[in-house]
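What follows is a single structure, written as structure tokens, with notes after it.
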Amino acid sequence: MKKKDLILAGAVLLLAGILSLALRLPKTENGNTMKVTVDGEVYGTYSLAENQTVKIQTGHGTNVLVIENGSVHMEEADCPDGYCKRQGTISRVNETIVCLPHKLVAEVESDGSTTDDADDAPDVIVK
């Protein structure tokens with residue numbers, strides 16, 4: 001074999017490996033609920049389908065989460081660093097907003113229901 005043949009074979013194998021890994025990666029989906037925990041205890045679960053403002057008052061402080069158009073962001077927090085307000089908007093399953101000083105975690109979850117119309121269609125085989 002020539003040197004160029006070996007390089008070509010190596011490149012093809014590398015490309016095949018990358019493609020197989022990409023196909024096995026889990027696909028993230030949009031969530032439909034948000035679970036808020038404080039000190040590891042569930043504070044509440046909220047639907048992402050309903051636009052709402054959730055005010056969380058605990059002995060650690062106050063946070064305000066805003067749910068709009070299926071996504072969540074931290075609007076207000078009286079923690080000293082305010083880092084939780086800069087974590088952005090979340091909407092996909094397992095994405096979180098964390099406020100360490102208030103021991104608060106807001107996590108997007110899926111309740112197992114789906115809005116994909118293809119899943120609702122009956123399984124019919126026409127011959």
Side-chain angles (χ1 to χ4, degrees):
M1 290 180 98
K2 296 181 184 176
K3 186 176 181 179
K4 290 182 180 180
D5 291 337
L6 290 174
I7 292 172
L8 178 63
V12 168
L13 287 174
L14 180 64
L15 182 62
I18 291 171
L19 285 174
S20 68
L21 284 175
L23 292 175
R24 289 181 181 218
L25 288 176
K27 295 176 179 41
T28 57
E29 62 183 69
N30 284 337
N32 49 19
T33 61
M34 175 192 60
K35 180 175 74 173
V36 177
T37 58
V38 178
D39 277 331
E41 301 287 326
V42 176
Y43 182 89
T45 303
Y46 307 92
S47 172
L48 296 183
E50 179 184 336
N51 291 347
Q52 57 187 311
T53 300
V54 180
K55 188 172 186 175
I56 302 157
Q57 292 182 301
T58 67
H60 304 294
T62 303
N63 296 74
V64 177
L65 287 162
V66 175
I67 301 172
E68 289 180 315
N69 304 321
S71 61
V72 182
H73 69 275
M74 184 73 71
E75 182 80 17
E76 296 177 31
D78 62 4
C79 54
D81 59 6
Y83 179 68
C84 54
K85 295 186 286 187
R86 297 189 301 264
Q87 291 182 29
T89 302
I90 60 173
S91 62
R92 298 197 174 273
V93 173
N94 295 328
E95 287 184 323
T96 60
I97 296 175
V98 178
C99 183
L100 285 178
H102 295 169
K103 300 179 183 179
L104 179 140
V105 177
E107 181 177 11
V108 175
E109 297 182 329
S110 175
D111 65 6
S113 66
T114 179
T115 58
D116 187 5
D117 293 337
D119 290 339
D120 297 335
D123 295 329
V124 177
I125 298 173
V126 178
K127 291 185 179 185

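In what follows, residues are counted from 1 in the order of the sequence shown.
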Start with the C-alpha gap between I56 and T58, add the side-chain angles, then the distance that decides, and say whether side-chain contact (heavy atoms from CB on, under 4.5 Å) holds. CA-CA 7 Å; I56 302 157; T58 67; 4.0 Å; yes
Main-chain N/O of V98 paired to Q87 side chain as donor or acceptor, under 3.5 Å: yes
Does one hydrophobic cluster hold both V64 and I90, with members joined at side-chain heavy-atom distances below 4.5 Å? no
Are the side chains of K35 and T37 in contact, using a 4.5 Å heavy-atom criterion? yes
Heavy-atom distance under 4.5 Å between the side chains of I67 and M34, does that happen here? yes
Is N30 close to V93 at the side-chain level, that is, under 4.5 Å between some pair of heavy atoms? no
Is there a path of hydrophobic side-chain contacts, each under 4.5 Å between heavy atoms of I, L, V, M, F, W or Y residues, that connects V38 with V66? no
Decide yes or no for N63 and C84: does some side-chain heavy atom of the first lie under 4.5 Å from some side-chain heavy atom of the second? yes
Beyond-backbone contact of M74 with R86, side-chain heavy atoms, under 4.5 angstrom: no
Over all atoms of both residues, closest heavy-atom pair of K55 and Q57: CE-NE2, 3.7 Å
Is any side-chain heavy atom of L65 less than 4.5 Å from a side-chain heavy atom of V36? yes
Point-to-point distance, once rounded to the nearest 0.5 Å, from CD of E109 to OG1 of T33: 5.0 Å
Carefully, step by step, assess E68 and H73 under the rule side-chain contact (heavy atoms from CB on, under 4.5 Å). CA-CA 8 Å; E68 289 180 315; H73 69 275; 3.8 Å; yes
More than 12 non-hydrogen atoms from neighbouring residues, nucleotides or ligands closer than 6.0 Å to OH on Y83, yes or no? no
Cluster check L48, V54: I/L/V/M/F/W/Y, side chain < 4.5 angstrom: yes
Does the side chain of S110 reach to within under 4.5 Å of the side chain of E29, using non-hydrogen atoms? yes
Can you tell me how far OG1 of T89 sits from CG of N69, rounded to the nearest 0.5 angstrom? 10.5 Å
Using side-chain heavy atoms (C-beta onward) and a distance below 4.5 Å, is H102 in contact with T62? no
Residues G82 and C79: closest non-hydrogen pair is N-SG, 3.5 Å
Quick one: CZ on R92 to OG on S71, what's the gap to the nearest 0.5 Å? 11.5 Å
